[in-house]
**Q** 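Below is the structure I would like to discuss, written out as structure tokens.
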There are 2 protein chains.
Amino acid sequence: MTRIDLQIAKSGCSACPIRHRAICATCEPEELDRLSGMKSYRTWKAGETILLEGAQLPFVGSVVSGCATLTRSMEDGRIQMVGLLLPSDFVGRHDRETAAYEVVAATDVTFCLFKRAEFRQMLVETPHVMERMLQMSLDELDAARDWMILLGRKTAREKVATLLANILRRAASSGHPLRAELPLTRDAMASYLGLTIETVSRQMTALRKEGVIEMQGHRGITCADLSALLTEAGDDEDGLPLA
Amino acid sequence: MTRIDLQIAKSGCSACPIRHRAICATCEPEELDRLSGMKSYRTWKAGETILLEGAQLPFVGSVVSGCATLTRSMEDGRIQMVGLLLPSDFVGRHDRETAAYEVVAATDVTFCLFKRAEFRQMLVETPHVMERMLQMSLDELDAARDWMILLGRKTAREKVATLLANILRRAASSGHPLRAELPLTRDAMASYLGLTIETVSRQMTALRKEGVIEMQGHRGITCADLSALLTEAGDDEDGLPLA
DNA sequence: CGCACCATTGACGTGGTTCAACCTTGGTGG
DNA sequence: CCACCAAGGTTGAACCACGTCAATGGTGCG
């Protein structure tokens with residue numbers, strides 16, 4: 001966060017798209033007012049680095065729209081994504097001075113930011129917000145652990161299918177067949193899955209040629225039969241109750 | 001937790017070995033009294049299953065001594081460890097009815113348990129404890145994310161070296177050369193690392209034959225030169241300032 | 001002593017990486 | 001308007017790290 005030019009756009013929170021899912025989800029009106037007074041928005045363009053590993057961390061906040069990635073890297077250049085930030089997800093630790101991960105905008109992305117010290121104070125004074133923060137952290141921990149199964153035990157095909165299924169479930173504005181725009185480049189997908197670009201690409205063409213998915217350009221995917229995709233993903237919970 | 005026979009050993013918390021690292025680390029005396037009144041101890045033998053995935057979760061608590069593992073498994077039997085519980089680590093979600101992971105005793109292990117509902121109440125009423133809980137959750141999230149790099153990007157040799165180095169750092173009662181007793185079977189190590197037993201075994205013998213470590217039986221390991229081991233681990237932060 | 005259980009070792013197959021070439025697509029300027 | 005270029009994506013061939021399968025070795029307990 002080298003250049004700090006915050007847009008001070010103090011519209012109320014009530015129209016906020018993440019109002020009911022983010023850190024503020026369970027806030028009482030007066031708590032919301034306080035958060036509202038602290039907040040500021042800032043947008044980054046796709047590809048821009050938001051935070052470097054180890055950088056000073058003056059802000060924490062939530063993704064309002066778009067998508068960003070958390071990554072860690074080894075000295076020899078190997079990179080692993082360790083978090084995928086979608087709208088309502090929270091970034092930053094109130095009790096840490098520096099960022100533990102590199103944060104990069106995957107698409108154009110807008111954050112709702114709070115000064116770290118102010119947010120920390122708020123947290124201590126309003127148990128409501130602290131509880132919500134705890135709940136979200138525990139959910140993220142569960143998500144990280146699910147991800148560990150993928151990284152440790154799944155095959156390349158299962159990994160790719162799992163990612164596509166997750167994106168379809170989260171991003172698809174429903175409808176049959178399910179359709180979504182991938183918020184990630186092949187590079188970012190590989191980083192997410194612990195694979196190389198080439199393997200991701202091969203698995204996607206394989207899934208396409210076998211009719212499990214269809215593609216519109218490099219980013220658009222359609223899936224007529226989600227349970228087929230889930231079977232490929234290895235999470236065989238496709239036992240959708242057939243009404 | 002099929003059979004519930006709690007030892008009601010209400011010794012005070014002041015002599016507790018995890019008093020200053022566990023959930024109770026930052027408690028004021030009266031908070032500690034309350035926790036003390038709620039707690040009970042229970043011990044499991046190495047190999048016993050403590051909780052099945054999806055089972056009812058009447059208790060939450062901390063590891064007092066010994067070691068337990070958190071694992072998730074796929075329907076076809078593939079298993080991935082997602083958490084390693086050492087003394088002072090916390091298990092269970094106050095806000096969930098069922099266990100998300102299987103918990104197994106790796107060694108004989110003793111827990112300090114609280115009834116989930118009671119603990120939840122305590123959490124809401126004492127921000128101190130909630131804050132500590134949040135801090136511990138965030139630490140675990142960071143640990144899970146470090147683990148993801150290992151699973152996604154490290155080679156078998158690096159994985160094994162990393163695990164051994166971690167155990168040596170945590171368990172070794174210091175002294176040169178560093179020595180520790182592995183709390184995990186080869187099976188559990190493989191599960192932790194996303195490898196097979198055979199690969200773990202081969203890498204350990206390789207490290208031994210190359211003189212990076214020595215072994216006393218299957219469980220005892222000694223390392224004369226930790227920085228050599230860290231080099232093998234790929235976390236090249238061995239730049240120990242040479243005083 | 002002998003049986004289980006865990007760990008080691010070996011031979012072999014394969015899924016995923018590596019390296020390299022080629023293709024697509026969208027943007028830019030002549 | 002189209003030629004060109006850069007960036008991202010795909011495809012192919014060869015290699016190798018790790019998994020698989022199977023046999024052997026060690027160790028502690030009844």
Side-chain angles (χ1 to χ4, degrees), chain A residues 45-48 69 74 76-80 104 106-107 150-164 181-210 213-221 232 234, chain B residues 45-48 74 76-80 104 106-108 150-164 181-210 213-221 232 234:
Chain A
K45 288 225 176 309
E48 288 183 334
T69 64
M74 298 172 62
D76 64 4
R78 280 175 281 177
I79 293 177
Q80 175 65 50
V104 176
T107 63
L150 178 145
L151 291 174
R153 298 298 175 192
K154 288 195 173 178
T155 64
R157 151 162 307 218
E158 288 169 338
K159 287 179 174 182
V160 171
T162 303
L163 175 58
L164 295 181
E181 204 72 12
L182 295 175
L184 302 176
T185 61
R186 296 289 184 275
D187 224 333
M189 291 176 67
S191 172
Y192 183 106
L193 299 170
L195 295 171
T196 58
I197 288 185
E198 293 93 329
T199 302
V200 170
S201 182
R202 278 188 254 270
Q203 295 302 333
M204 299 221 11
T205 43
L207 287 170
R208 180 164 48 75
K209 286 188 177 165
E210 290 168 30
I213 57 168
E214 279 164 49
M215 298 179 55
Q216 297 81 45
H218 293 317
R219 294 297 192 100
I221 55 167
E232 298 297 336
Chain B
K45 287 224 175 311
E48 287 184 333
M74 299 172 62
D76 65 5
R78 279 175 282 178
I79 293 177
Q80 175 65 49
V104 177
T107 63
D108 292 0
L150 178 145
L151 290 174
R153 296 297 173 192
K154 288 195 174 180
T155 64
R157 148 158 312 216
E158 289 169 337
K159 286 179 176 182
V160 171
T162 304
L163 174 57
L164 295 181
E181 204 73 12
L182 296 174
L184 302 175
T185 62
R186 295 290 184 274
D187 224 333
M189 291 175 65
S191 171
Y192 183 106
L193 299 170
L195 296 171
T196 58
I197 287 185
E198 293 93 329
T199 301
V200 171
S201 182
R202 278 188 255 268
Q203 295 301 334
M204 300 226 2
T205 43
L207 287 170
R208 179 164 48 76
K209 286 187 177 166
E210 292 167 28
I213 57 167
E214 280 163 49
M215 297 179 56
Q216 297 80 45
H218 293 317
R219 294 295 191 101
I221 55 167
E232 297 298 335

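Chain identifiers are assigned alphabetically (A, B, ...) following the order of the sequence lines, protein sequences preceding nucleic acid strands; residue numbering begins at 1 within each chain.
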**Q** Can you confirm whether B:Leu150 sits close enough to A:Gln80 that some side-chain heavy atom of one is under 4.5 Å from a side-chain heavy atom of the other?
**A**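 B:Leu150 does not reach A:Gln80 side chain to side chain.
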
**Q** Consider the side chain of B:Ser201, meaning its heavy atoms from C-beta on, and name the nucleotide among C:dT25, C:dT9, D:dT11 that approaches it most closely.
**A**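 From the listed options, C:dT9 comes nearest.
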
**Q** Closest approach of A:Gly47 and A:Val104, non-hydrogen atoms and distance?
**A**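 Closest approach of A:Gly47 to A:Val104: O-CG1, 3.9 Å.
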
**Q** Round to the nearest Å and state the distance from B:Arg78 atom CZ to C:dG15 atom P.
**A**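 Taking CZ of B:Arg78 and P of C:dG15, I get 13 Å after rounding.
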
**Q** Taking atom P of D:dT11 as reference, at what distance in whole Å does atom CD1 of A:Ile197 sit?
**A**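 Those two atoms, CD1 and P, are 14 Å apart.
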
**Q** Measure from CG on A:Asp187 to P on D:dT10 and round the result to the nearest Å.
**A**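 My rounded result for the distance is 12 Å.
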
**Q** Measure from the side chain of B:Arg219, starting at C-beta and using heavy atoms only, and say which of C:dA7, D:dT10, C:dT9 lies closest.
**A**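 Nearest nucleotide to the side chain: C:dA7.
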
**Q** How many Å lie between CD1 on A:Ile221 and P on D:dG9, as a whole number?
**A**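 Roughly 14 Å, once rounded to whole Å.
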
**Q** If you compare all heavy atoms of B:Lys45 against all heavy atoms of B:Glu48, which two are closest, and at what distance to 0.1 Å?
**A**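 Closest heavy-atom pair between B:Lys45 and B:Glu48: N-OE1, 2.8 Å.
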
**Q** Please give me the minimum heavy-atom distance between A:Met215 and A:His218, naming the atom from each residue.
**A**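 Smallest heavy-atom distance, with atoms named: CE-O, 4.0 Å.
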
**Q** Roughly, in whole Å, what's the span from CE in A:Met215 to P in D:dG9?
**A**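 In whole Å, D:dG9 P lies 9 Å from A:Met215 CE.
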
**Q** Between the protein and nucleotides 16-18 of chain C, which nitrogen or oxygen pairs come in under 3.5 angstrom?
**A**
from   : atom 1 : to       : atom 2 : distance (Å)
C:dG16 : OP1    : A:Ala156 : N      : 2.7
C:dT17 : OP2    : A:Thr196 : OG1    : 3.2
C:dT17 : OP2    : A:Thr199 : OG1    : 2.3
C:dT18 : O4     : A:Arg202 : NH2    : 2.7

**Q** More than 12 heavy atoms of other residues, nucleotides or ligands under 6.0 Å from CD of A:Glu214: yes or no?
**A**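 Not more than 12 within 6.0 Å, no.
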
**Q** Rounded to the Å, how far apart are A:Met204 CE and D:dT10 C1'?
**A**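 After rounding, the reported distance stands at 11 Å.
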
**Q** Determine whether A:Asp76 and B:Arg153 make a side-chain contact, defined as any pair of heavy atoms from C-beta on separated by less than 4.5 Å.
**A**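 Not in contact.
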
**Q** Specify the separation, in whole Å, of atom CG of B:Asp76 and atom C1' of D:dT20.
**A**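 It is 15 Å, rounded to the nearest whole Å.
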
**Q** In whole Å, what is the span from the CZ atom of B:Arg186 to the P atom of D:dT27?
**A**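 So the two atoms are 12 Å apart, to the nearest Å.
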
